[in-house]
Amino acid sequence: MRFISNTNDIRKYLGLKSKNNIKFNNISIDTRSIKKDSLFIALKGKNFNGNKFIEKAFASGACAVLCSNKAYRKKNNAIYVPSVREALSMISSKIASDFQGKKILITGSNGKTTTTSILSKSLPKCSSTIRNFNNEIGLPISIMSAKKDSRYIVLEAGAAKKGDIEYLSKLVKPDIGIITNIGNSHLEKLLNVEGVFKVKSELIKNIRKGGTLIVPNDGRYLKRWKKMAKSIKIIPVPNKYIATKEKFSSKDRMMTFDIIEKSKGNKKSEVIHISSSLIGKHNMQNILVCHSCLNELGESNSMMLKSLRKISSSISRQRIISWRNNSTLIDDTYNANPESVKRSIDILSEFPGRKIFIFGDMFELGRYRKKLHVDIGSYLNKSKIDVLITFGDLSKNASSRFQKKSYNFHSEDKLRDFIINFVKKNDIVLIKGSRGMKMERFI
């Protein structure tokens, strides 16, 4: 049973009197995805007002609503609050405070979703973030949807501006905080990498006293994190445990490597053999982070080893499929920032055959947007990529630096026609761009 499964559960956490109790099976913030017997949460913002869609929600199958529409104050199937956002914050923070198990909160520029997914599948009786619900609305809903008998709750926290991680981590008060990495993301509001570092590091002040912080063993930031984390334990990764003997099989599309504990003197280290469809050095790091977290919690890695053999590569948003003219496609269209693009280039370089990178613009990079696209061109020169195809005004800056074959397009139709004729048998193609570029249209 979930923490919130009926209207009186909500009233209890809001300090309201019990009324006619209505049970619901799902929680939805969008009338387009409402299922029968759902709770509809009517959010209100600058450009939208969910209160206008309450009747549509009921017509679509909702059985109850949480709203700020005064017209519904006395309705039996409605819970009225002055602010829905504040209500979600109050409910989720009280649930998190009452929770007797361990809470793990994960943030970072890249790898949040992958790390969250691996770790949640590796822990017994674990609730986790729903889909990509990692903001000030989604994270509270993920907490509300957690199961009461969970021993662990693993949550993902995203940030687009200063204060986002402070707000989310204050709701959770995690026992373990994880920062996967620091990179060039959301620079329009965070300005530069220093801004990214500061917003991700907001997590630290809200880790419970005596808790743990797991971070990259990065010389640029580790000393600063150690100064911030005075009342908590800090675990850099890699450190005690390291990854060795990495191999990639393009035929099986699998990565294997060993995790070993650094030996002391003549003591022989235990070897943990990893086999996973999650490929690339960044996923080695994500898996190593999860192993370190399991070790800190005193849990076996047996569930992680089993899940990594079965886990879908789609959680890292890199779907490998057979494509046109008997080529192979790596669908990495979900989103893009400079670090994730470089990691995708590294993955594409591992495959045999002619390697083609179809690159759409990266957004939210502020004043560095041109330079960071040029940097991708320079990075491509050090890779094994044979052909660069760009789509958009910004990505063409990468081709200005790329020294091999490149083609630039602004027309969707022209690029579509080019792909049809250009991609041949045994080619390996990777498509990537920011969410706003909708690069999936070319698949």
Side-chain angles (χ1 to χ4, degrees), residues 3 13 89-108 111-112 115-116 118-120 122-129 134 139-140 142-143 146-157 159 163-182 197-218 221-241 261-262 264 285-301 303-304:
F3 279 102
Y13 284 109
S89 173
M90 183 183 296
I91 294 166
S92 58
S93 63
K94 286 185 177 180
I95 290 172
S97 178
D98 292 346
F99 181 62
Q100 296 299 303
K102 297 288 186 182
K103 297 165 290 183
I104 299 107
L105 186 62
I106 300 168
T107 190
K112 296 184 294 295
T115 304
T116 300
I118 296 170
L119 193 54
S120 63
S122 304
L123 287 166
K125 301 190 80 169
C126 181
S127 292
S128 184
T129 294
N134 66 4
L139 186 139
S142 290
I143 293 174
K147 292 181 179 178
K148 285 184 177 181
D149 65 348
S150 297
R151 285 172 53 190
Y152 298 98
I153 297 179
V154 179
L155 298 162
E156 175 184 339
D164 281 353
I165 300 300
E166 160 71 14
Y167 177 83
L168 297 173
S169 58
K170 195 171 183 179
L171 293 182
V172 179
K173 294 287 180 67
D175 299 277
I176 296 179
I178 297 173
I179 300 174
T180 57
N181 61 5
I182 303 295
F197 167 78
K198 287 179 179 178
V199 75
K200 301 302 181 185
S201 300
E202 290 170 0
L203 164 66
I204 297 171
K205 68 175 78 173
N206 288 313
I207 297 173
R208 69 164 182 80
K209 190 174 181 180
T212 302
L213 172 68
I214 299 175
V215 293
N217 195 346
D218 189 324
Y221 305 115
L222 186 55
K223 285 184 180 179
R224 296 172 69 182
W225 279 322
K226 285 181 176 179
K227 286 181 181 179
M228 295 177 187
K230 291 179 180 177
S231 62
I232 59 177
K233 180 180 179 180
I234 187 163
I235 299 176
V237 177
N239 191 16
K240 183 180 179 181
Y241 297 97
E261 184 177 356
K262 285 185 179 178
K264 296 179 180 179
Q285 174 71 5
N286 294 334
I287 293 167
L288 205 54
V289 163
C290 292
H291 176 266
S292 297
C293 186
L294 291 171
N295 185 68
E296 180 64 14
L297 291 167
E299 292 286 358
S300 163
N301 56 41
M303 286 177 66
M304 182 181 80

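Nothing here was measured: the structure is a model prediction, and the numbers come from that model. Only heavy atoms go into these numbers, but all of them, side chains included; no hydrogens, no water, no symmetry mates.
Side-chain contact between P174 and I104: absent, with no pair of heavy atoms (C-beta onward) separated by less than 4.5 Å. Between I214 and V237 the shortest side-chain heavy-atom distance falls below 4.5 Å. Using a 4.5 Å heavy-atom threshold, the side chains of N206 and V172 count as separate. Using a 4.5 Å heavy-atom cutoff, the side chains of K240 and E261 are in contact. Counting only heavy atoms from C-beta outward, the side chains of K102 and I176 never approach each other to under 4.5 Å. Proximity of P140 to L171: side-chain heavy atoms (C-beta onward) are separated by under 4.5 Å at one or more points.
Taking every heavy atom of both residues into account, L168 and A157 meet most closely at CD1-CB, 3.8 Å. Across all their heavy atoms, M228 and S201 have their closest contact at SD-CB, 3.8 Å. Annotation for Q285 and P216: closest pair NE2-CA, 4.1 Å, computed over non-hydrogen atoms. I153 and A146 get closest at one heavy-atom pair: CD1-CB, 4.0 Å. Pairing each heavy atom of E166 with each of K205, the nearest pair is OE1-CD, 3.0 Å. Taking every heavy atom of both residues into account, G211 and I232 meet most closely at O-CB, 3.3 Å.
Of the possible polar contacts, one joining the T129 side chain to the E156 backbone as a donor-acceptor pair under 3.5 Å is found. Side-chain atoms of S292 come within 3.5 Å of backbone atoms of L288 as a donor-acceptor pair (strictly under, hydrogens ignored). N217 contributes a side-chain N or O that, together with a main-chain N or O of P238, makes up a donor-acceptor pair within less than 3.5 Å.
Going from atom CG of L105 over to atom CD1 of I179 covers 10.0 Å, rounded to the nearest 0.5 Å. Taking OH of Y13 as the start and CG of D98 as the end, the distance is 5.5 Å to the nearest 0.5 Å. To the nearest 0.5 Å, atom CE of residue M303 and atom CD1 of residue I118 are 13.5 Å apart. Taking CG of L213 as the reference point, atom CD1 of I234 lies at 4.5 Å (rounded to 0.5 Å). Put simply, OG on S127 and CZ on F99 are 7.0 Å apart, with the number rounded to the nearest 0.5 Å. Here the straight-line distance linking atom NZ of K198 with atom CD1 of I165 works out to 16.0 Å at 0.5 Å rounding.
Here the rule is side-chain contact (heavy atoms from CB on, under 4.5 Å) with S128, and of L155, L123, T116 only T116 fits it. A side-chain contact (heavy atoms from CB on, under 4.5 Å) with N286 is found for exactly one of I178, T115, N181, namely T115.
Evaluation of the side-chain hydrogen bond (donor to acceptor under 3.5 Å, both in side chains) test over residues 170-179, restricted to residues two or more places apart or in two chains, returns D175-R208.
Checked against ring-ring contact (aromatic ring centres under 6.0 Å, His included), F197 has the following partners two or more places apart in sequence or in another chain: Y221, W225.
Classification of E299 and R151 as a salt-bridged pair holds, one side-chain N sitting under 4.0 Å from a carboxylate O.
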* Given F3 and I143, is the side-chain contact (heavy atoms from CB on, under 4.5 Å) satisfied, shown in steps? -> CA-CA 8 Å; F3 279 102; I143 293 174; 5.8 Å; no

